Amino acid sequence: MPALVLLGAQWGDEGKGKATDLLGGSVDYVVRYQGGNNAGHTVVVGDQKYALHLLPSGILSPGCTPVIGNGVVVDPAVLLSELSGLADRGVDTSKLLISGNAHLITPYHTTLDKVSERFLGKRKIGTTGRGIGPAYADKINRVGIRVQDLFDESILRQKVEAALDYKNQVLAKLYNRRAIAVDQVVEELLGYADRLSGYVADTTLLLNNAIDQDQVVLFEGGQGTLLDVDHGTYPFVTSSNPTAGGACTGTGVGPTKISRVIGILKAYTTRVGAGPFPTELLDEDGEKLRTIGGERGVTTGRDRRCGWFDAVIARYATRVNGLTDFFLTKLDVLTGWERIPVCVAYEIDGKRVEELPYSQTDFHHAKPIYETLPGWSEDITQAKTFDELPKNAQKYVQALEEMSGAPISAIGVGPGRDETIQINSFL
Ligand code: GDP
Ligand code: IMO
Ligand code: MG
């Protein structure tokens, strides 16, 4: 079973970085398949804390080759600064491979992201402002710039001209901004070419060959299921497919090669940016979750919105991703609550609804129906086996598993690599 997908089952920030890093020591490749530096993945190794945005979390495991797949959007300035930041801390980054088909985020994408959010006013998405949406829009519109274009100046210039012809009209006439000079963009991009050329490869061929040779490949998602542009809470989503299918289109590996899909699931719920969130808590419980859970964005530093666990969402994640396992994270954060509410269904316009409604209007009207489970007060951060958890913590995990539709195969009880209870092996 050589290929696994690891993805967020909620609205992102579930602890994907930690989970990927944990598996990094046992896999040959860790591959990002979508998103860009909107992601913020935290990995804690001993007393060292790393915040990764674009690089796959496998970069911290010496035996593992990190890969940026064709489905990712790459801001070359961010990539190089992340690489040098890690190199300064003694991390070997030389094995990194980048697909030549991945699209680039250029300065005009970042500018457009920011001005279009401002233009939306109170309807804004609350993006990370990293140029993600505009870069994917250009890809789909067939005016994107790809990593491979950095190595052909004439093609690069033609493509930047084609992209800016239209955008400069928009910038000047709609947003009242100064036009961006083609020369300036081309010069900046060419400046990255030499430093990136050594990393660029035919990653699709390489990953398929690796799988054929029984090497283990782990696909690491950014964001989460409910931020998926097709399956999430559109329009309050990111512009790519974090769901399992994205691992295929974003790397060129077919679905028949994928044997396991692991959903990372926080023991409560968080969300950053705008959009519906049925179990959101605007009271002191929400504040307590935020404080104890350290729920502040790794990328933008924004406070995360916090709420109780939502089993409707977990079931939905199981369905749209074909999840085989869950990795339940941050169970330790719930220590100390006497009773813990869990959303088991919604009430929508007076009716009980068990599954996530496809209608945006219905979801906006969804009110959580809670079941309350007994809490625990014992410190669980040292627990190494399921049996070492207090009885009520065990019951909480079992209840979530029953409601969510896939086995919980690991439990996070702290941010560190070893603060994990492994129930079933992922490999
Ligand atoms: P990602 O974007 O999914 O990788 O998640 P983030 O890194 O944005 O946010 C997850 C946060 O929770 C990070 O600060 C992690 O170090 C931390 N974390 C991960 N797993 C656990 C856990 O089981 N317990 C606790 N207390 N913290 C965790
Ligand atoms: P990780 O990988 C949480 C959210 C933004 C915004 C929406 C669109 O760390 O889980 P974008 O900049 O992508 O166009 O913003 O998506 N968002 C995330 N929220 N975790 C993330 O990544 C996110 N990446 C984007 O807050 O609501
Ligand atoms: Mg994050």
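Everything quoted here is computed from the prediction, not taken from an experiment. One-based numbering, in listed order, for ligands and for the atoms of each.
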D88 atom CG, over 12 foreign heavy atoms within 6.0 Å: yes

Shortest reach to atom 1 (P) of ligand 1 by a heavy atom, considering only Q10, E295, K16: K16

Sorted by chain and number, the residues that approach ligand 2 to under 4.0 Å with a heavy atom: W11, G12, D13, K16, N38, A39, G40, H41, I125, G126, T127, T128, G222, Q223, L227, V237, T238, V272, G273, R302

L171 vs Y166 side-chain heavy atoms within contact, under 4.5 Å: no

Residues, nucleotides or ligands: over 12 heavy atoms within 6.0 Å of K384 NZ: yes

D21 side chain to G17 backbone, donor-acceptor under 3.5 Å: no

Side chain N37, main chain H53, donor-acceptor under 3.5 Å: no

Enumerated ligand 1 atoms positioned under 4.0 Å from heavy atoms of D13: 1 (P), 2 (O), 3 (O), 5 (O), 8 (O), 9 (O), 10 (C)

Sub-4.5 Å side-chain heavy-atom contact between E401 and P407: yes

Min side-chain heavy-atom separation F236-P276 under 4.5 Å: yes

For atom 24 (N) of ligand 1, closest protein heavy-atom neighbour: D332 OD1, 2.8 Å

Polar side chain donor-acceptor pair, T251 to N70, under 3.5 angstrom: no

Under 3.5 Å: N/O of T329 near N/O of ligand 1: no

Side-chain heavy-atom pair I68, L79 within 4.5 angstrom cut-off: yes

Numbering as shown, the atoms of ligand 1 that approach G412 to under 4.0 Å (heavy-atom distance): 23 (O)

Contact atoms of ligand 1, heavy-atom distance to G17 under 4.0 Å: 4 (O)

Those residues that, when tested against K159, pass side-chain hydrogen bond (donor to acceptor under 3.5 Å, both in side chains) (two or more places apart): D149

Protein N, O or S within less than 2.8 Å of the Mg ion (ligand 3), waters excluded: D13 OD1, G40 O

Residue portion contacting ligand 1 (non-hydrogen atoms closer than 4.0 Å) for V298: side chain

Proximity flag R304 to ligand 1, non-hydrogen atoms under 4.0 Å: yes

Residues forming a side-chain contact (heavy atoms from CB on, under 4.5 Å) with R89, sequence neighbours excluded: Q48, Y50

Worked verdict on E117 versus K114 for salt bridge (Lys or Arg N to Asp or Glu O under 4.0 Å): CA-CA 5 Å; E117 277 280 276; K114 289 177 181 151; over 6 Å; no

Cation-pi geometry met for K266 and W11 (6.0 Å, 45°): no

Option passing side-chain hydrogen bond (donor to acceptor under 3.5 Å, both in side chains) with Q223 (candidates Q34, Q10, K16): Q34

For Y346, the option from D362, T279, D310 that meets side-chain hydrogen bond (donor to acceptor under 3.5 Å, both in side chains): D310

Sub-3.5 Å N/O-N/O distance, G414 and ligand 1: yes

Spacing of I105 atom CD1 and L54 atom CG [to the nearest 0.5 Å]: 7.5 Å

Heavy-atom neighbours of R123 CZ exceed 12 at 6.0 Å: no

Under 4.0 Å to a heavy atom of G15 - the qualifying atoms of ligand 1, by number: 1 (P), 3 (O), 4 (O), 5 (O)

Option whose closest heavy atom lies nearest to atom 17 (C) of ligand 1, chosen from K18, K330, E220: K330

Geometric N/O contact G12 with ligand 1, under 3.5 angstrom: no

V333-ligand 1 polar pair, N/O distance under 3.5 Å: no

Identity and distance of the protein heavy atom lying nearest atom 7 (O) of ligand 1: T42 OG1, 2.6 Å

Donor-acceptor pair between T128 and R130 side chains, under 3.5 angstrom: no

Contact check, G40 vs ligand 1, heavy-atom distance below 4.0 Å: yes

Nearest-neighbour protein heavy atom for atom 16 (O) of ligand 1, which is reported as residue plus atom name and distance: P415 CB, 3.5 Å

Residue part near ligand 1, for V413, under 4.0 Å between non-hydrogen atoms: backbone

